[in-house]
Every structure is written in structure tokens, then in C-alpha cells.
Amino acid sequence: MSLEEIFDQYLGSRIYKAREKLLPDYVPEDLPHRDEQIKRLALTLAPALSGSRPSNVFIYGLTGTGKTAVTKYVLRRLAEKGGGRIEYVYINCRQNNTSYRVLAELGKFLGVKIPFTGLALGEVMKRITQALDRKHRILIVVLDEVDNLVKRNGDDVLYYLTRVNEQLTNTRVSVIGITNDLKFTEFLDARVKSSLGEEELVFPPYNAIQLEDILRRRAKEAFHEGVVSDAVIKKVAAIAARQNGDCRLALDILLKAADIAERERASEVTEAHVDKARNEIEKNLTVDVIKTMPLHVKLVLASIYLLTKEGGAKTITTGLIYDKYKELVTKVGIEPVTSRRITDILNELDMAGIINARVISLGRYGRTKVVALGVPLKNVEEGLLSDIVISAVIGG
DNA sequence: AATCCACAGGAAGTGCTGGGCG
DNA sequence: CGCCCAGCACTTCCTGTGGATT
């Protein structure tokens, strides 16, 4: 296929009318089945319009339940109404996963020059405080996926943001914390918990019927007529409904399926395309995660991979993994890390969803972790083989 | 009922990187 | 220049523990 042909195919797409409407950062004109949440968030934030500081808000909900979309949607409208007196910053704490980086993002928004390393945290806070007070306004700081930040770095940034108002005369700061960890507040200092939890908002998962409705609306905007059948919509919705009603996933699958259909020059998206899309998404997710892991983590994963492949019915435990790992390390010709570190690495892999690990007691025979791969062996293999060092030791 | 294995996992610290500041 | 800062990957040293076996 020549470049010309590839581009022409997209120009005259038989599938898409507007592909961008399926992309994750697209916020639609209306958000169905989230009326209650929109209303409550709007009510909470509305005092900003009369110049008083709105309550801090805590938003809970699993991934893909519309937390981010609703928040952006409401804030955008609020800022428009506010005519420059109300502003908001959106900071994702997964991408900016340290206290320093979050503050640096905030600084960037305020136009303060903050180097990406080197300064003491207290110094950064001081500069931000000064910059905040330069203007007369209400600033709403949105911290998305804030649990990522707090679990790794503690709640010093939250503590700072909820108390900075005491030092300000012109600006008022409100915080909206978004999290998909429902037990998240356990990690918080009591003072932060009470001031941040002034208002709480829960986003329930979408059910299959709601997902279908959302998909239908979105499909109407994104696709030509007759390209996506109702059966396909139903299938995608059912898959996503099983995954905690994750709407982001639903849209992602639909997009991928349509891309595949386009690539195959099909005239419609079929259920087979959906299956392929689901596999591809799953695979890409794990392969990408594995590719970016540090060497020793990869080696530990490679050990688990080998044990799974050759080990038969035996259960895989920490001790077994450590032995295999040391074997691999010798082949590569580097020094092994301690078993203490292996414990942490196994937890990291568990958190990433690559493996399933749980502690069990074998009575007399000790207490250990039983580990199994949480994703298809094939996907792990593909991820590992992309590393030259690893592929050398597991290849033959 | 007591024992004791094979680890789990907390606390504190090290050495390195990549940057401040005065 | 010397000293300070945060973050990461890792070590050292350590205490804790579920439950099959004695």
C-alpha cells in the first residue's frame, strides 16, 4: 500500500465520520446518566460565582465512571460564567506522581518558573504562594488520580493546598481531589481528611444498559450510518460492564475495533473486530508496561515466566523465583539484588496487574507468596523479548 | 498447645543522578 | 565552588506471623 493510498483511505473513510469523538480526551456536549453528579458538583462550586470559596470536594469512583469528564465539564462552564474571576488547573497525579512535580505543574500554570529538580519543597511552596496572591480570583485545583500521589509521597501537597488560604489575601484556593481508590482516605492526615472531605461525591459504575446508551450516542457522532450494528454495541457494552462499568474501556474497544475494520477495508464493524480489539488492547497494555520496567524487575518477571512455562503443576513461590532469578543473573553476568528487594518487586508486579500474588501459610513449611501470571504467557513473552539482555537468557 | 519454617514487610540508611542556591 | 534538595533503586537489619506438624 502506498502512502497515497493509506491517506486516501482515511480521507474517504467508509467507517468514520469523526474519529476524534471516540478519543479519550474528548468531552462530549452532554454526559448522559451523570445528571445527579453534575448537579451536585455544580451546586457545590456555584458559590465561586458570588466570590466566596467553594468547599473542597472529594470525588470517588472506579476508572471510566466519568469523574474526569464531569469535573472538566462543570468547571469549564463555571469558568465561562465567572468571566476571568474563576480559574481552574487540572493536574494528573499519575503523570506527575511526586509532590515536587505536582507543585511544578501548578507553578507552570501560575507562570512561576520552577526547575524540574533541585529546589526544596518548602521553597517551591513559598514561590507558589506568592504567585497565587498576585491576582484576585478563585482558583480551583483539580488533582486527578490523587491516590497515586499520596500513596507514594504522603499528603504534604494536599495539606499545603488546603491551608494556603490562610496566607492569601486576594486569591482563594479550592481543591477537587479525584480518586478511584475508595479506601483512599486512610492514607490521609486527619486534618487534611476533614478539610478536603468538606463535600464528597460518589460516581457509581455504569451498568450495561447505560453503557449501551452512551455508546449508541457516541457511535452516531463518530461513524457513518449502518457501520456499527446494535449487536456490536451490545457486545462492547457487555464487556465493559463486566469490567466495573468502565466507559473509557468501552470507547477504547469501539475505537480499536473500528480501526481494525478500517485497516481491513471492511464496510462495517463486526463482532470479530471487537474480539480482536479487546485482545490487542490487553496485549498492548502489558507489553508496554513490561518494556518500560527496570532490568531487575524484568529479570524477576522472566523468572516467573520460565517457571510458569516449564514448571508443570508446581505452585510458584518467592523462594523458587529467587533461585531462578539468581540463575538468570549469573547468566547475564551481573550481581543479584537481595531477597528483600524481590519482595518489593513482586508487589510492584502485582500492583501492575502482571502477576497475581497472595500470601499464604504452608504451616510448618513457612509463610510465602504464591504467584501466578495475571496476563497471557504470550504477552509477557513479547514484552520480555523486546529487551536484548533478557531475550538472550530466555530465548534458548 | 507449642513450635518453627520461610518468608512478609517496616525502618533507616546508602550512593547515585540531576539539578538548585549564594 | 561547596553544600543542599528530591527521587530512585537498593541494602542492612530487623520484627512479625499463619497454621501444619510435632
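Chain naming here is simple, since letters A, B, ... match the order of the sequence lines and numbering starts at 1 in each.
Comparing the end axes of the helix from B:dA1-C:dT22 to B:dG22-C:dC1, each fitted to five base pairs by superposing C1' atoms of four pairs onto the next four, gives an inter-axis angle of 30° (nearest 10 degrees).
Following rounding to the nearest Å, A:Leu362 (CG) and C:dT17 (P) show an atom-to-atom distance of 19 Å. If you measure from atom CG of A:Leu346 to atom P of B:dA6, you get 18 Å, rounded to the nearest angstrom. In this structure, the CG atom of A:Leu121 is 11 Å from the P atom of C:dC5, given to the nearest Å. What separates CG of A:Asn347 from C1' of B:dG10 is a distance of 13 Å, to the nearest Å. Taking atom CG of A:Asp323 as the reference point, atom C1' of B:dC7 lies 13 Å away to the nearest angstrom. Put simply, CZ on A:Arg367 is 7 Å from P on B:dG9, counting in whole angstrom units. Computed from coordinates, the A:Asn96 CG to C:dG7 P distance equals 12 Å when rounded to whole Å. When rounded to the nearest whole Å, the span between CZ of A:Arg364 and P of C:dG19 equals 15 Å.
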Polar atom pairs (N or O), protein with nucleotides 9-11 of chain C, under 3.5 Å:
| unit_1 | atom_1 | unit_2 | atom_2 | d |
| --- | --- | --- | --- | --- |
| C:dC10 | OP2 | A:Arg341 | NH1 | 2.6 |
| C:dT11 | OP1 | A:Thr338 | N | 3.2 |
| C:dT11 | OP2 | A:Thr338 | N | 2.8 |
| C:dT11 | OP2 | A:Thr338 | OG1 | 2.8 |

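The residue A:Ile360 sits apart from the nucleic acid: no heavy atom pair falls under 4.0 Å.
Between A:His296 and A:Arg341 the shortest side-chain heavy-atom distance does not fall below 4.5 Å. Contact annotation: the side chain of A:Val297 approaches that of A:Glu348 to within less than 4.5 Å [non-hydrogen atoms, C-beta and beyond]. The shortest distance between side-chain heavy atoms of A:Thr368 and A:Val359 does not fall below 4.5 Å.
Grouped by direct or indirect side-chain proximity (heavy atoms under 4.5 Å, Ile/Leu/Val/Met/Phe/Trp/Tyr only), A:Ile214 sits with A:Tyr206, A:Leu211.
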Base-contact (B) and sugar-phosphate-only (S) positions in nucleotides 15-22 of chain B, heavy-atom cut-off under 4.0 Å, - elsewhere: ---BBSS-
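With A:Val269 as the fixed residue, the side-chain contact (heavy atoms from CB on, under 4.5 Å) test singles out one of A:Val236, A:Ile260, A:Val228: A:Val228.
At B:dG9, one or more side-chain N or O atoms of A:Lys369 fall inside 4.0 Å of OP1 or OP2 (strictly under the cut-off). For the OP1/OP2 pair of C:dT17 and a distance below 4.0 Å, the side-chain nitrogens and oxygens of A:Ser361 include no atom meeting the criterion. The phosphate of C:dG7 (OP1 or OP2) has a side-chain N or O of A:Asn153 nearer than 4.0 angstrom. For the OP1/OP2 pair of C:dG7 and a distance below 4.0 Å, the side-chain nitrogens and oxygens of A:Thr98 include at least one atom meeting the criterion.
Between the side chains of A:Asn148 and A:Arg152, no donor-acceptor pair is found at a separation under 3.5 Å.
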For A:Lys369 and A:Asp350: C-alpha separation, side-chain torsions, deciding distance, then whether salt bridge (charged side-chain N to carboxylate O under 4.0 Å, His left out) applies. CA-CA 11 Å; A:Lys369 240 189 202 121; A:Asp350 192 19; over 6 Å; no
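Aromatic pair A:Phe58/A:Tyr60: ring centres closer than 6.0 Å.
Taking every heavy atom of residues 349-359 of chain A and every atom of DNA chain C, no pair lies under 4.0 Å.
Between the side chain of A:His224 and the main chain of A:Tyr16, a donor-acceptor pair closer than 3.5 Å is present.
Taking hydrophobic clusters as Ile, Leu, Val, Met, Phe, Trp and Tyr residues chained together by side-chain heavy-atom distances below 4.5 Å, A:Val173 does not share a cluster with A:Leu45.
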Pair up each side-chain donor or acceptor in residues 370-386 of chain A with any protein partner under 3.5 Å, not counting sequence neighbours, and list the distances.
| unit_1 | atom_1 | unit_2 | atom_2 | d |
| --- | --- | --- | --- | --- |
| A:Glu381 | OE1 | A:Tyr305 | OH | 2.4 |
| A:Ser386 | OG | A:Gly383 | O | 2.7 |

